[in-house]
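Lettering of chains follows the sequences in order, A, B, ..., and the numbering in each one begins at 1.
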Amino acid sequence: MPELPEVETIVRGLRPHLIGRTFAEVELVRSSVLRVPDPVTFEGLVQGAQVVGVGRRGKFIHLVLRGGPHLVIHLGMTGTLTLRKAPEPRLAHTHLVLWLDDGRELRYRDPRRFGRVLLGTPGQLERLGALPRLGPEPLAPTFGRSGFAESLRRTTRPLKAALLDQAVVAGCGNIYADEACFVARVRPTRRGRTLSRAEAMRLGAALPLVMRQALGLRGSSFADFRDGFGAKGEAHEALFVYGRGGLPCVRCGVTLRQTRVGGRTTVYCHRCQR
DNA sequence: CCCCTATCCTGAGGGC
DNA sequence: TGCCCTCAGGATAGGG
């Protein structure tokens, strides 16, 4: 499941390879991955367009095209965006192939199809309501002053549900929500309202910390995540709680508890986290 | 307004 | 060996 560190790994890897390149050919294999008006316009606008920027907002990848439109890609659960030499075999569930002017292909693949592709200027996409409202960026230097900690203290939802809400904080998913709660020593089941100022501040510090750590290890690869060249990350080997229900807490040794919060599997240490 | 649940989708893994 | 069942979860629609 690509979250912020995984998406940022892809963006940083692809950027120097894509900037300045032109999309020579567009192959839209499964047009239902497009969530914008019509496939014909899509192909017309993307074909021949030059990439002038590669960025990220939350879990959305933005390929900025000359003239203003953004090709926006969300990877959902199982999406990958990889650069390949044309003759390399194409995996099943490859929904979109963009041929570059240097003989390589940018391939968008997503077996579970929770991802999507958008195209439009930022203004157009906003008017269409195609992009959700996104909260502050955990890696931004201003994150500490973004009001994130305060917004946690205003909700009656469980912490876990608030952390997964992209309007509260951009880019957090199931892995790093659990990891941040562990580092901040707060139970993900706690209602936001019940947090002390100190606990909310600890979460505000923990989230950028766990994400920077994961980014340094090029993301967590369980089943699906691959970087822009098909390689796995190593961050999953350094996780404290995610995927470790029933195993001993790395801090105190007690058995980690696994439960469901906000419809998601949630793992925490009932001794370290209060 | 806010919160919660069901839904989309495929592949992996367990049980028999 | 193969079949069936369950489970994984990001975002969103719709109900309470």
DNA chain B contacts among residues 146-163 of chain A, heavy-atom distance under 4.0 Å: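 Contacting residues: Thr155(A), Thr156(A), Arg157(A), Pro158(A).
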Opening and closing nucleotides of DNA chain C in contact with chain A, under 4.0 Å to non-hydrogen atoms: dA8(C) to dT12(C)
Going by ring pair (Phe, Tyr, Trp, His ring centres under 6.0 Å), name the residues that satisfy it together with [X], two or more places apart in sequence or in a different chain.
{"X": "Tyr108(A)", "result": "none"}
{"X": "Phe114(A)", "result": "none"}
{"X": "His93(A)", "result": "none"}
{"X": "Phe23(A)", "result": "none"}

Would you call [X] and [Y] a salt bridge, taking side-chain N to carboxylate O under 4.0 Å as the test?
{"X": "Glu199(A)", "Y": "Arg274(A)", "result": "no"}
{"X": "Arg56(A)", "Y": "Glu6(A)", "result": "no"}
{"X": "Asp110(A)", "Y": "Arg116(A)", "result": "no"}
{"X": "Asp227(A)", "Y": "Arg12(A)", "result": "no"}
{"X": "Glu137(A)", "Y": "Arg57(A)", "result": "yes"}

Checking the side chain of Glu3(A) only, and the main-chain atoms of Ile175(A) only, is there a donor and an acceptor separated by less than 3.5 Å?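 Checking the backbone N and O of Ile175(A) against the side chain of Glu3(A), a donor-acceptor pair under 3.5 Å is found.
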Strictly distance-based, threshold 3.5 Å: is any side-chain N or O of Asp101(A) a donor or acceptor partner for the main-chain N or O of Thr22(A)? yes
So which one's nearest nucleotide on DNA chain C is more toward 5', Gln258(A) or Gly129(A)? Gln258(A)
Sorted by number, the residues of residues 229-245 of chain A with heavy-atom contact under 4.0 Å to DNA chain C: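 By residue number: Tyr242(A).
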Under 4.0 Å, heavy atom to any atom of DNA chain C: which of residues 260-268 of chain A qualify?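 Within residues 260-268 of chain A, the residues near DNA chain C are Arg260(A), Arg264(A), Thr265(A).
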Hey, what bend do you get for the helix from dC2(B)-dG16(C) to dC16(B)-dG2(C) if you fit axes on five pairs at each end, rounded to 10°? 50°
Taking the six-membered ring for Trp, is the centroid-to-centroid distance between Phe143(A) and Phe148(A) below 6.0 Å?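 Centroid distance Phe143(A)-Phe148(A): below 6.0 Å, so yes.
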Is the gap between the ring centers of Tyr242(A) and His236(A) under 6.0 Å? no
Is it true that the side chains of Arg90(A) and Thr94(A) contain a donor and an acceptor less than 3.5 Å apart? no
Any link between Val241(A) and Leu159(A) through a network of hydrophobic side chains (Ile, Leu, Val, Met, Phe, Trp, Tyr) touching at under 4.5 Å?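 In one cluster: yes.
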Reading DNA chain B from 5' to 3', where do the contacts with chain A start and stop? Cut-off is 4.0 Å to heavy atoms.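 Range of nucleotides touched by chain A: dC3(B) to dG11(B).
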What residues form a side chain to side chain contact (heavy atoms under 4.5 Å, CB included) with Ser31(A), not counting sequence neighbours?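 By the side chain to side chain contact (heavy atoms under 4.5 Å, CB included) rule, Ser31(A) matches Leu28(A), Pro39(A).
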Give one of base, sugar-phosphate or nothing for Met77(A), where a contact means two heavy atoms less than 4.0 Å apart.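 Base contact.
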Using residues 63-72 of chain A as the side-chain source, report each donor-acceptor pair under 3.5 Å to any protein atom, sequence neighbours left out, with the distance given to one decimal.
from     : atom 1 : to       : atom 2 : distance (Å)
Arg66(A) : NE     : Gln50(A) : OE1    : 2.7
Arg66(A) : NH2    : Gln50(A) : OE1    : 2.8
His70(A) : ND1    : His62(A) : ND1    : 3.0

